[in-house]
2 protein chains.
Amino acid sequence: MSLPQYKTIVDHLKNQISAGKLSTQDKLPSERQLSDQFNASRITAREALLQLEREGVIYRLNRRGWFVSPTRLIYDPTSPATFNQMLASQNRIGETTPISYELTEAPKAIATVMDLSEGSPVYLIKRLRSVEQRPILIEQIYVDANLCPGLLKHDFSQSLTEIFSIHYQKEVTQTGVNMYATSLDEQTAQELQVSAGSPCLEIKRCRFTDEGRVLEYDIEYWRHDAVELRMSLGHGQN
Amino acid sequence: MSLPQYKTIVDHLKNQISAGKLSTQDKLPSERQLSDQFNASRITAREALLQLEREGVIYRLNRRGWFVSPTRLIYDPTSPATFNQMLASQNRIGETTPISYELTEAPKAIATVMDLSEGSPVYLIKRLRSVEQRPILIEQIYVDANLCPGLLKHDFSQSLTEIFSIHYQKEVTQTGVNMYATSLDEQTAQELQVSAGSPCLEIKRCRFTDEGRVLEYDIEYWRHDAVELRMSLGHGQN
DNA sequence: GAGTGGTCTAGACCACCGA
DNA sequence: CGGTGGTCTAGACCACTCT
């Protein structure tokens, strides 16, 4: 009864990883190699790999293979640090790659959250953020165009917060955060170089200026295995 | 090329759900029925169901079938509300079921986080929390026994916070929170009545009294599809 | 072109569930 | 008991990546 066969493979691979025989970013044996080695069908080997993926221990690059996940980033959504500052404090190196940017009209759902009327002008910026060559998250940022005229002439591989502060004298003083675990749609998965349907963390942030206006609305899709949230709160109770 | 066959099944089921033909807690057709209906193998049908599970749209009860997920709870880790207060404000009804409780010695890892020495006396309480008959999370709570002598004589289907406050005059004023997406081990999965390896959210909380001592350390395993975190923060920046 | 994962077939046996 | 999902086999073809 007890041990399903795929569990044996799972445990074996976990041991290899914790013993350091496989380390961060190393490629695992191929599905066919594993099924040979354990005298199992390829589907069984794959079952084991999918299980490790759910746990966040390994990840896959589309049709290239399975790899050991690096240590999770630690992200504090209550901290004022920018993405790069957060990385620097953990001795890691990140890159931000703009994918697209345009001036467009706010769709209904976005307009509602941003407290604008449908069709209001908004900038839509899409960026990829990576750490040590590995894509970590995709973000879509909607910015109220009336608050930041001419925004598109700036360099979006920089911190947006700094652009807001330096060029528009806008500071964010309040943020609403919303997040849950789900899975990636086809396009976002492709942009993150993972398989469609991979688990992810969806984080939405609505950021207000001190006048109480919504400066930006940000939708982020994080690889679920890339991040660990950590924060400290006063007056918690439960 | 484009559409894999399982995607057709995924879309079909999503439509059924959004059209209300399948609603909350309804049972989906069995894997064999689906594979007949779509002229696919059972593995393909199952692939579709696993995909919907990752998205949080459906869930399974061990060997009983697949069901439509209820609306996610909204949980604000920064709020002082207790579990039942949180549920009440969303017009939902919860139950807390104690699984076990004992006086034991703090293992090393726990002692470290709680700033105790290894082997210090701690109470370990394990509870299941459900909403409308559906298991939502398992929690393991370690309590510094020196701060709450005789704790075990209380009723743990009640709010622990209230027990601390009423019987021990202890109030939590600071909380460290740590969370990430992973998957359930065999035992916890069983306690939540889901399959081993189901995706989950692991939330750890370290709760301090106003003297800066650790009153309790809480490890929670949430079904990943059961919850959405939402919070509002001052002075956010990024 | 060789190797990889992505998808798929058509079966099988088992353990557990509910009636 | 029959029905369900849980696990598994031994293949297959495809699309893509790497070299």
Side-chain angles (χ1 to χ4, degrees), chain A residues 1-11 13 26-54 58-68 133 135 183-187 189-198, chain B residues 1-11 13 25-54 58-68 133 135 183-187 189-199:
Chain A
M1 50 123 274
S2 57
L3 286 217
Q5 193 172 345
Y6 75 87
K7 198 69 166 63
T8 315
I9 306 180
V10 165
D11 290 342
L13 291 172
D26 278 0
K27 187 173 180 313
L28 273 65
S30 77
E31 297 179 357
R32 286 167 181 86
Q33 280 168 22
L34 283 171
S35 56
D36 281 358
Q37 184 182 342
F38 288 90
N39 245 305
S41 74
R42 194 180 141 210
I43 286 190
T44 301
R46 199 172 158 78
E47 180 75 19
L49 295 165
L50 290 168
Q51 171 56 25
L52 289 167
E53 181 193 47
R54 281 191 292 262
I58 64 174
Y59 66 98
R60 39 183 161 164
L61 290 180
N62 218 317
R63 283 169 228 272
R64 271 191 280 168
W66 295 86
F67 301 83
V68 180
Q133 271 59 261
S183 79
L184 294 167
D185 65 58
E186 210 148 342
Q187 190 188 346
Q190 198 169 34
E191 289 163 347
L192 284 173
Q193 290 173 36
V194 301
S195 312
S198 296
Chain B
M1 49 122 275
S2 57
L3 285 217
Q5 193 172 344
Y6 76 86
K7 199 68 165 71
T8 316
I9 306 181
V10 165
D11 290 342
L13 290 172
Q25 310 263 29
D26 279 0
K27 187 175 180 310
L28 272 66
S30 77
E31 296 178 358
R32 287 167 180 86
Q33 281 169 24
L34 283 171
S35 57
D36 281 359
Q37 183 181 342
F38 287 89
N39 245 304
S41 74
R42 195 180 139 210
I43 287 189
T44 302
R46 201 173 158 76
E47 181 75 19
L49 295 165
L50 290 167
Q51 172 55 27
L52 289 167
E53 182 193 47
R54 282 191 291 262
I58 64 174
Y59 66 99
R60 40 184 162 164
L61 290 181
N62 217 315
R63 284 169 228 272
R64 272 191 279 167
W66 295 86
F67 301 83
V68 179
Q133 272 59 257
S183 78
L184 294 167
D185 65 57
E186 210 148 341
Q187 191 189 346
Q190 198 168 34
E191 290 163 344
L192 284 173
Q193 292 173 34
V194 301
S195 312
S198 296

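These numbers were taken from a predicted model, which means no experiment stands behind them. Labels below follow one simple rule: chain letters A, B, ... track the order of the sequence lines, proteins then strands, and each chain is numbered from 1.
- For the pair L61(A) CG and dA15(D) C1', the interatomic distance rounds to 16 Å; values are reported in whole Å.
- For R32(A) and dG5(C), a side-chain-to-base donor-acceptor distance below 3.5 Å is present, hydrogens and geometry of angles not being considered.
- Whole-Å rounding puts the Q5(B) CD to dA12(D) C1' distance at 14 Å.
- Taking atom CZ of R46(B) as the reference point, atom P of dG6(C) lies 18 Å away to the nearest angstrom.
- Going from atom CZ of F38(B) over to atom C1' of dT9(C) covers 17 Å, rounded to whole Å.
- Between dC8(C), dA15(C), dT7(D), one nucleotide has an atom nearer to the side chain of R63(B) than all others, and that is dA15(C).
- Taking for each of S30(B) and I43(B) the nucleotide of DNA chain D with the nearest heavy atom, the 5'-most of the two is the partner of S30(B).
- Between the OG1 atom in T44(B) and the CZ atom in F38(B) there is a gap of 12.0 Å [rounded to 0.5 Å].
- An OP1 or OP2 oxygen of dC8(D) is reached within less than 4.0 angstrom by no side-chain nitrogen or oxygen of Y6(A).
- Note: CG (L34(B)) to P (dA10(C)) measures 17 Å, nearest angstrom.
- Here Q33(B) reaches the OP1 or OP2 of dT4(D): one of its side-chain N or O atoms lies under 4.0 Å away.
- Comment: D11(A) engages K7(A) in a salt bridge, judged by a side-chain N to carboxylate O separation of less than 4.0 angstrom.
- A donor-acceptor contact closer than 3.5 angstrom is absent between the side chains of Y59(B) and Q193(B).
- Taking side-chain N and O atoms only, T44(B) has a distance below 4.0 Å to OP1 or OP2 of dT9(C).
- For the pair F67(B) CZ and dT4(D) P, the interatomic distance rounds to 11 Å; values are reported in whole Å.
- Between D36(A) atom CG and dT4(C) atom P the separation is 11 Å, expressed in whole Å.
- Distances from the side chain of W66(B) to the nucleotides dG5(D), dT9(C), dT7(D) place dG5(D) closest.
- Counted by atom type alone, Q37(A) and Q33(A) present zero donor-acceptor pairs between their side chains at under 3.5 Å.
- Atom C1' of nucleotide dA15(C) and atom CD of E186(B) are separated by 13 Å, given to the nearest angstrom.
- Between the side chain of S35(B) and the backbone N or O of E31(B), at least one donor-acceptor pair lies under 3.5 Å.
- Regarding contacts with the backbone of dG6(D), a side-chain N or O of S195(B) is found under 4.0 angstrom from either OP1 or OP2.
- The listed nucleotides are dC13(C), dT4(C), dC8(D); the one nearest the side chain of R42(B) is dC13(C).
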